Amino acid sequence: MLLQQGPAATTGYMILGFIVILGLITGLIVSMVVRRRNLDRDLDLLDDLDKQAEK
Amino acid sequence: MMDPMPRALRALSWITGVLFAVALYMVLFYAPREAVMGDVQRVFYFHVSAGWVGALAFLTTAVCGVLYLVKADHKYDQIALASVEIGIIFTLANIISGSIWARPVWNTWWTWDPRLVTATVMELIYLAYVMLRQGIEDPDRRARFGAVYGIVGFVSVPITFLSIRIFRTIHPVVIGNNDPTAQGAFDMTPQMLQAFMFSLFTFTVLYVTLLWHRIRLQRLAERVEMLKMKVMSA
């Protein structure tokens, strides 16, 4: 980069960098949402089973 | 019986979304293009912020480890585990985005530089934390192990931070003096500095928001586990 005229053409690397960072954060959020939904479903089912067992 | 989201958390989630959109705008459009590296330098703002969140998350784990050992309160173990998960993701984002930045600037995806090595070792230490915890059945033993591991593992965080200040390295130093062999260093204009500080602030708020959600998830998982035991024993 010593003899270059103006900024280097590195837009592609920038896009890739942001895709990785935003992708990982989005992945974490989606995984938390999915886990939450599954746990809510399990909780409802277990609550029903618990009530049935008490009867 | 679903646990409704607290109003404060709902508000914080919205605020975090708005802050993130503003940070993205500042990084992509407000901060000027760096004169030598070009657009890839914009990755720097989120790369450093992600590294900061990783360190902050592992610090939280260490502090919660100490608090658990002192008070034996299970909530500190929940916070520690929640924080490690977030720390691992952000440290991974930091390492991979650094590698992408390095390709055009250092002309290589990876080099065995002290900062890159210490950051990777730190990531592996906390990956092992999660894996080893899963192998312990007894919740009290698991929490005690997690607390001690979280405290000892935290040694890797200052080592990673200081590695570019102690050892001879090509990794640029943002705060402090650069090693003469550093490649990819640059002087920040006022707009660059504003975008950088705003990104750091936004990522810190994002960490708090994610941590709160993750702790609630952990509590729900434990509630489900307890109810499962009750139903199975009935």
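Lettering of chains follows the sequences in order, A, B, ..., and the numbering in each one begins at 1. Note that the coordinates shown come from a computational prediction; the quantities given were computed from them, not determined experimentally.
- A heavy-atom distance below 4.5 Å is found between the side chains of A:Leu28 and B:Glu85.
- Most heavy-atom pairs under 4.5 Å with chain A, from the set B:Ile100, B:Asn107, B:Leu92: that is B:Ile100.
- Across A:Asp50, A:Ile15, A:Leu45, the residue that shares the most heavy-atom pairs under 4.5 angstrom with chain B is A:Asp50.
- Heavy atoms of B:Phe203 lying under 4.5 Å from chain A belong exclusively to its side chain.
- When side chains are defined from C-beta on, A:Tyr13 does not count as touching B:Asp39, because their heavy atoms never get closer than 4.5 Å.
- Contact check for B:Phe46 versus A:Ile25: no side-chain heavy atoms found under the 4.5 Å cut-off.
- Side-chain contact between B:Trp101 and A:Met14 is absent, with no heavy-atom pair separated by less than 4.5 Å.
- At distances below 3.5 Å, not a single donor-acceptor pair connects side-chain atoms of B:Ser97 with backbone N or O atoms of A:Gly17.
- With B:Val231 as reference, A:Leu49 is the one residue of A:Asp48, A:Leu49, A:Asp47 to meet the side chain to side chain contact (heavy atoms under 4.5 Å, CB included) rule.
- Using a 4.5 Å heavy-atom threshold, the side chains of B:Arg216 and A:Arg36 count as touching.
- When every heavy atom of B:Gly38 is checked against every heavy atom of A:Pro7, the shortest pair comes out as CA-CB, 3.7 Å.
- Proximity to chain A (any heavy atom under 4.5 Å) is restricted, for B:Leu206, to the side chain, taken from C-beta onward.
- In this structure, chain A has a heavy atom under 4.5 Å from the side chain of B:Arg33, while its backbone stays farther away.
- Both the backbone and the side chain of B:Lys228 come within less than 4.5 Å of a heavy atom of chain A.
- Minimum heavy-atom separation, A:Thr10 to B:Pro104: CG2-CB, 3.7 Å.
- Both the backbone and the side chain of B:Val224 have a heavy atom closer than 4.5 Å to some heavy atom of chain A.
- Between chain B and the options A:Ile29, A:Ile21, A:Asn38, A:Asp42, the largest number of non-hydrogen pairs under 4.5 Å is found for A:Ile21.
- Contacts between B:Ala221 and chain A at a heavy-atom distance below 4.5 Å involve backbone atoms as well as side-chain atoms.
- Between A:Met32 and B:Arg214, the closest heavy-atom pair is CE-N, 3.5 Å.
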